[in-house]
Asker: 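Quick one: this structure, given as structure tokens, is what I'll be asking you about.
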Amino acid sequence: MKLQAQLLDITYKIIENTAIIYLYCLSDRGKNIIAKVDSFKPYFYVIPQEKESDLLDRLKAFKVIRDEKTIKITKVEEIRRDNQKVYKVFTNIPSNIPILKDEVKIWPEVKGKREFDIAFTRRYLIDNDIEPLSWIQIIGIEEETTCNEDIFLHVKEITKVKSKDELSFNMLAFDLEVLDEKIIMASFYSKDFRKVLCIKDFPTKQKYVKVVNNEKELLEKLVEIIVSRKVNVLLGYNTDRFDFEIIKERAEKLGVTLNLGVDGSKLFFVKRGLSHSARINGRINIDLYAFVENLIQQELKAETLSLNSVANELIGEKKYDIDWDEMESSWKKEQNLATLSKYCLKDSELTYKLGEKLVPVVFSLSVLIGQIPFEVSRERYSQVVEQILIKHSHIKKTLIPNRPSKDEILKRRGNSYAGAFVLEPKGGIYKNLAMLDYRSLYPSIIVSHNISPETLNCDCCEPKDEIMGNYFCKLKKGFIPEVLEKIMKERFTLKSKLKKLKSGSQEYQDMYTRQVALKYVLNATYGYLAYSGARWYCNECASAITGLGRKYITETIEAARKTGLNVVYSDTDSVLLQGENIHERAQDFLIKTNKKLPKFMEIEIEDFYQSGVFTSTSKGVGIKKRYALLSENGELRIKGLERVRRDWCALAKDLQEQVIKLVLTDQNDAAVKLVQETVDALKKKEIALKKLQIYTKLKKTIDKYEIMTPHVQAAKRAIERGLEIKVGQTIRYVITEGEGRISDKAEIIKFATNYDSEYYIENQILPAALRILRVLGYSEDDFLMKGKQTSLSKFAG
DNA sequence: CTTGACCGGGG
DNA sequence: GTGTACGGTCAAG
């Protein structure tokens, strides 16, 4: 039988002491294909010493007994890698590899061991050059299967085929509502499907609501929905750390079998760091929170990664605003269940829409680095970079470096080097601004200067053109610059093709997400070289990259000053320029600068800003990385300020944002007046407690806290008064009137009847407002003089 | 200044 | 199990 399909997922099982790889695919006719491969064998490399005499024979004959099982080397091949002889040592099952490598590494004839920790299914994909989600042709013998709609194949041969149109995957988002550690509702959202399962009956006209008898039935229905809808991509938000944990726990307790796999297999968990991720054979389980946290966060303005703020920023939609305490009591009183079900469905809807936006990016990363979407969607930047380097290392037939040992990692963490250049701004308000930045500064430096672990202080060149005490080979192209240059060139080609395509088309979409995937790898490579856990770690490389970065940016600053422009600020790869006729002058400066730069390097205009505020300390020293800019089309860009942090009360955050807006639009007096009014209102106790609450999460039981922070103290007192507070609950507290430390005065909002004006004025309102107003010459005293306007009037006008 | 504890998202 | 998270922030020492 011959067919064409897209690979979605891969696992392996041990059957009769043989490793069988299962490829879960989707055929061009929309059928689930399970293809079995039994011909691929696990292996690792042994590097022999110069004098090795009979190592080959010793390896071939080697066996060891573990847990009454004989572990054997089944085959040894002699091959060449990196201009040396190495032995490719095979065994029958993957778990033998770590045992075998530990046995042979102490032999005197063995110099080293390599590639013993490349995951088995990953190894299969790399060695056979199979990219997930790309089209493959499978030739095999059909086997009988218990799941009648699937095709079960024993693989003879797999080849790549030219890309066809992408299949449309069945994507489904789900969300749970949990109360007292029980699942009370579950919602599902797909293109043409929405459903809310609820364990309590309530009158509703909504067709999507399905009342179930109990939690057990809810879980059974959940399984049924995923299986019967033939879900290929299962989406959720924070499902690794929350929803699946609950599902597992409750299913065990209630005796529900979670046979969710396309082959009817049970859901299982794989350890990734400290959290466990649910694996469902043949279906792609994506936790969008993990993906956002690891890869998307950097480019978001949102400083919290809640579904609400991420969805708001990426798809322009928000959750329904509900009060969770109210919701809890209405659930118990069986009121307002329709509202709760609407809320629950909305979460799934937002997750689904976020998925529509982010899953294509996950998929293009998958294709680019050759790893399944399950893995890619949970990886950090460093892992993404490492995986693409592993892929290219295999293509180039070079040995992949080993992971560092624990000791080595600790040693590396002690290494330090000078970072990026940040120009200290002068606190104040600025107008007529242009932000210029280097296009991919660090990647372009790596390529232009051939920075790589193997080109570092090479033997073939004269040690000249030193950067931070080191030099890089001028004759042979380094591994990392070679990979990055390919990526930069491909991205450049894609971007120019994109300009000619219609932005709505599928082709445009595919190319666009591909270039986004390439961008991630480009931007993360510098950080990877400095990452202590990296296989291709190179502290000297990282140091050279930032050294050159400082050189380029400081030269740019000098050049800008020479043309008479004021350089207000500069951080790493950008300069904020100020002056009359800023548009023309920035453009001129850009052209002049680019002429002098080496190949691959380029400076661009990021945006023009009508005004900006840079903050300063009480002593008048400008603060780096804390500022706000107002673009010419009215967009506010706030960096590093308190506005969105949840350990600040709403009153302080709102006030800060209003103050920023006012001072950036020439309304300083109104800003000052607003702050004074807020202070006065606080003193007169006119502010609602709701605006003064501070949110902090209780992560463990009270007695486990060593440091009694305000939220812990507030929770403790509330429990003493009989309130039930569970681990994981967000404590909403207010600082009330009284004596002692701040934590002594912290009370849960329910028990707070008053507030400490002094605390809110001095620790919340004034710090937030003065962060901005200090640059205009104001200090605490200006707002603390009771009722006296004299000190303020000196700045008026 | 360094060290260690805590936290993220979810309900 | 072809293993063992991570980076930022803040209070205490």
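As the structure is a computational prediction, the values presented were derived from the model and not from experiment. First the proteins, then the strands, lettered A, B, ... as listed; each starts at 1.
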Asker: What is the separation between atom CG on A:Asp287 and atom P on C:dA5, rounded to the nearest whole Å?
Answerer: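 From A:Asp287 CG to C:dA5 P: 18 Å.
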Asker: Under 4.0 Å, heavy atoms only, any strand: does A:Glu293 hit a base, just the sugar-phosphate, or nothing?
Answerer: base
Asker: Would you mind classifying the nucleic acid contact of A:Tyr237 as base, sugar-phosphate or nothing, using non-hydrogen atoms under 4.0 angstrom?
Answerer: sugar-phosphate
Asker: How would you label the contact of A:Tyr12 with the nucleic acid (heavy atoms, under 4.0 Å): base, sugar-phosphate, or nothing?
Answerer: sugar-phosphate
Asker: Within the 4.0 Å heavy-atom criterion, would you say A:Asp175 contacts the bases, only the backbone, or no part of the nucleic acid?
Answerer: sugar-phosphate
Asker: Whole Å only: how far is the CD atom of A:Gln297 from the P atom of C:dG7?
Answerer: 11 Å
Asker: Take atom CD1 of A:Ile409 and atom P of C:dG7, then tell me their distance rounded to the nearest Å.
Answerer: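 In whole Å, C:dG7 P and A:Ile409 CD1 are 11 Å from each other.
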Asker: Within the 4.0 Å heavy-atom criterion, would you say A:Leu179 contacts the bases, only the backbone, or no part of the nucleic acid?
Answerer: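 No contact.
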Asker: Looking only at side-chain N and O atoms, does A:His711 come under 4.0 Å of OP1 or OP2 in B:dC7?
Answerer: yes
Asker: Salt bridge (charged side-chain N to carboxylate O under 4.0 Å, His left out) with A:Glu328: which residues, sequence neighbours excluded?
Answerer: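 Checked A:Glu328 against salt bridge (charged side-chain N to carboxylate O under 4.0 Å, His left out); matches are A:Lys332.
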Asker: Tell me whether the side-chain N/O atoms of A:Tyr531 come closer than 4.0 Å to OP1 or OP2 in C:dG7.
Answerer: no
Asker: With a distance cut-off below 6.0 Å to the six-membered ring centre and an angular limit of 45° from the axis, does A:Lys101 pair with A:Phe44 as a cation-pi contact?
Answerer: no
Asker: Residues two or more places apart in sequence or in another chain: which of them pass salt bridge (charged side-chain N to carboxylate O under 4.0 Å, His left out) with A:Asp287?
Answerer: none
Asker: Please give the distance between the C1' atoms of C:dA5 and B:dC7 as a whole number of Å.
Answerer: 13 Å
Asker: Quick test: give all pairs of protein nitrogen or oxygen and nucleotides 2-4 of chain B nitrogen or oxygen below 3.5 Å, distance rounded to 0.1 Å.
Answerer:
none

Asker: Kindly write out the residues that satisfy salt bridge (charged side-chain N to carboxylate O under 4.0 Å, His left out) with A:Glu379, not counting sequence neighbours, or none if the list is empty.
Answerer: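 Here no residue qualifies.
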Asker: Can you tell me, in whole Å, how much space there is between the C1' of B:dG11 and that of C:dT4?
Answerer: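 B:dG11 and C:dT4 have their C1' atoms separated by 30 Å.
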Asker: What nucleotide, of B:dG9, C:dG1, B:dG11, holds the atom closest to the side chain of A:Pro98?
Answerer: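 Out of B:dG9, C:dG1, B:dG11, the nucleotide with an atom closest to A:Pro98's side chain is C:dG1.
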Asker: Could you work out, with salt bridge (charged side-chain N to carboxylate O under 4.0 Å, His left out) as the rule, every residue matching A:Lys72, not counting sequence neighbours?
Answerer: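 Partners of A:Lys72 by the salt bridge (charged side-chain N to carboxylate O under 4.0 Å, His left out) criterion come out as none, since no residue qualifies.
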Asker: What does A:Glu115 touch in the nucleic acid at a heavy-atom separation under 4.0 angstrom: a base, only the sugar-phosphate, or nothing?
Answerer: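 Base contact.
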Asker: Using a cut-off of 4.0 Å on non-hydrogen atoms, how would the nucleic acid contact of A:Leu307 be classed: base, sugar-phosphate, or nothing?
Answerer: sugar-phosphate
Asker: Angle class for the A:Tyr528/A:Trp536 ring planes (parallel below 30°, perpendicular above 60°, tilted otherwise)?
Answerer: tilted
Asker: Report the distance from atom OH of A:Tyr289 to atom P of B:dG11, rounded to the nearest whole Å.
Answerer: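 After rounding, the gap between these two atoms is 13 Å.
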Asker: Base, sugar-phosphate or nothing for A:Phe120? Non-hydrogen atoms, less than 4.0 Å.
Answerer: base
Asker: May I have the distance from A:Leu410 (atom CG) to C:dT4 (atom C1'), rounded to whole angstrom?
Answerer: 14 Å
Asker: Rounded to the nearest Å, what distance is computed from the CD1 atom of residue A:Ile247 to the P atom of nucleotide B:dG11?
Answerer: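 Those two atoms, CD1 and P, are 13 Å apart.
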Asker: Minimum heavy-atom separation for A:Met185 to A:Cys198, with atom names?
Answerer: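 Answer, listing the atom of A:Met185 first, then A:Cys198: CE-SG, 3.7 Å.
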Asker: Run the side chain to side chain contact (heavy atoms under 4.5 Å, CB included) test against A:Lys248 and tell me which residues pass, sequence neighbours left out.
Answerer: A:Glu252, A:Phe269
Asker: Taking only side-chain N and O atoms of A:Arg272, does any of them lie within less than 4.0 angstrom of OP1 or OP2 on C:dG3?
Answerer: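 The answer is no; no side-chain N or O of A:Arg272 sits under 4.0 Å from OP1 or OP2.
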Asker: Can you figure out which of B:dG8, C:dG1, B:dG11 approaches the side chain of A:Arg241 most closely?
Answerer: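 In terms of side-chain proximity for A:Arg241, the closest of B:dG8, C:dG1, B:dG11 is B:dG8.
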Asker: Looking at side-chain heavy atoms only, is the closest gap between A:Lys75 and A:Lys41 below 4.5 Å?
Answerer: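 No. Closest side-chain heavy atoms not under 4.5 Å.
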Asker: Closer than 4.0 Å, any side-chain N/O of A:Arg403 to the OP1 or OP2 of C:dT2?
Answerer: no
Asker: Let's see if you get this right: which residues in residues 379-388 of chain A place a heavy atom under 4.0 Å from DNA chain B?
Answerer: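 By residue number: none to list.
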Asker: Output a table of donor-acceptor pairs, distance under 3.5 Å, between side-chain atoms of residues 338-347 of chain A and any protein atom two or more places apart or on a different chain; print 'none' if there are none.
Answerer:
unit_1: A:Ser341; atom_1: OG; unit_2: A:Ala338; atom_2: O; d: 2.8
unit_1: A:Tyr343; atom_1: OH; unit_2: A:Lys319; atom_2: NZ; d: 3.4
unit_1: A:Lys346; atom_1: NZ; unit_2: A:Glu317; atom_2: OE1; d: 3.0

Asker: Output the rounded distance in Å from NZ (A:Lys88) to P (C:dT2).
Answerer: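 Going from A:Lys88 (NZ) to C:dT2 (P), I get 18 Å.
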Asker: Any non-hydrogen side-chain atom of A:Glu375 less than 4.5 Å from a side-chain atom of A:Ile372?
Answerer: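 Yes - at least one pair of side-chain heavy atoms lies under 4.5 Å apart.
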Asker: Regarding A:Asp347, tell me which of base, sugar-phosphate or nothing describes its non-hydrogen contacts under 4.0 Å with the strands shown.
Answerer: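 Counting heavy atoms under 4.0 Å across all strands, the contact made by A:Asp347 is with sugar-phosphate only.
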Asker: Would you indicate what A:Ser306 reaches in the nucleic acid, counting non-hydrogen atoms under 4.0 angstrom: base, sugar-phosphate, or nothing?
Answerer: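 A:Ser306: backbone/sugar contact only, no base atoms under 4.0 Å.
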Asker: Tell me every residue that passes side chain to side chain donor-acceptor pair (under 3.5 Å) with A:Asn96, counting only those two or more places apart in sequence or in another chain.
Answerer: A:Thr91, A:Asn92
Asker: In whole angstrom, what separates A:Trp331's CH2 from B:dG11's C1'?
Answerer: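 Rounded to whole Å, this separation is 13 Å.
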Asker: Counting the atoms with a prime plus P, OP1 and OP2 as sugar-phosphate, which does A:Ile246 contact under 4.0 Å by heavy atoms, base, sugar-phosphate, or nothing?
Answerer: nothing
Asker: Taking the side chain of A:Asp117 as heavy atoms from C-beta outward, which of C:dT2, B:dG11, B:dG9 is closest to it?
Answerer: C:dT2
